[in-house]
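We number each residue from 1, following the sequence as shown.
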Amino acid sequence: MQRGKDFGFSFDNLKLDYEVAYKRSRRVSEGRVKGVQFLMKKNKIDVYQGTARLRSATQVDVTSVPEAPGVMEPSSMAR
């Protein structure tokens, strides 16, 4: 495997380095999250951090999480 070390693998007396594998998985995940965030912003999709409950077929109640970045106040969510 050519990129084994990137994934935490070594095939000389097979050695698994879970710390390296974990760190790489976090980097890959962060990249995917940033990509989705970019697409949401580019397509002008509002994102609300919190817990949601369906009120009806066309309405959603969101209880915001105070420490979440970019949380909008309930008054600004009304449409």
Side-chain angles (χ1 to χ4, degrees):
M1 186 168 176
Q2 301 244 343
R3 293 183 48 214
K5 288 183 181 180
D6 293 344
F7 293 91
F9 300 118
S10 171
F11 292 102
D12 301 332
N13 298 326
L14 184 60
K15 175 186 171 192
L16 301 176
D17 189 335
Y18 291 107
E19 184 177 351
V20 171
Y22 177 79
K23 285 179 182 178
R24 183 181 187 285
S25 76
R26 297 300 87 214
R27 272 196 325 272
V28 169
S29 178
E30 288 172 15
R32 299 296 183 264
V33 168
K34 287 179 182 179
V36 170
Q37 288 173 339
F38 168 78
L39 290 172
M40 299 286 271
K41 187 173 183 177
K42 176 184 172 198
N43 290 295
K44 299 180 178 137
I45 299 170
D46 294 331
V47 176
Y48 302 100
Q49 300 269 338
T51 302
R53 180 182 303 214
L54 295 175
R55 183 189 299 181
S56 70
T58 59
Q59 295 178 319
V60 177
D61 288 328
V62 179
T63 303
S64 65
V65 179
E67 67 276 0
V71 170
M72 301 184 81
E73 293 300 317
S75 61
S76 66
M77 290 192 283
R79 291 189 182 204

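To the nearest 0.5 Å, the span separating CZ on Phe7 from OG on Ser25 amounts to 11.0 Å.
One hydrophobic cluster, built from ILVMFWY side chains closer than 4.5 Å, cannot hold both Tyr22 and Val20; they sit in different ones.
Closest heavy-atom contact between Val62 and Gln49: CG1-O, 4.4 Å.
Annotation: salt bridge (Lys or Arg N to Asp or Glu O under 4.0 Å) contacts involving residues 25-40, sequence neighbours excluded, are absent.
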Side-chain donor-acceptor pairs under 3.5 Å in residues 50-59, sequence neighbours left out?
| residue | atom | partner | partner atom | Å |
| --- | --- | --- | --- | --- |
| Arg55 | NE | Asp61 | OD1 | 3.0 |
| Arg55 | NE | Asp61 | OD2 | 3.3 |
| Arg55 | NH2 | Asp61 | OD1 | 2.4 |
| Ser56 | OG | Thr58 | N | 3.3 |
| Ser56 | OG | Gln59 | N | 3.2 |

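Under a 4.5 Å side-chain heavy-atom cut-off, the cluster of Ile, Leu, Val, Met, Phe, Trp and Tyr residues that includes Phe38 is completed by Leu39.
Every residue two or more places apart in sequence or in another chain that forms a side-chain hydrogen bond (donor to acceptor under 3.5 Å, both in side chains) with Glu19 is listed here: Lys23.
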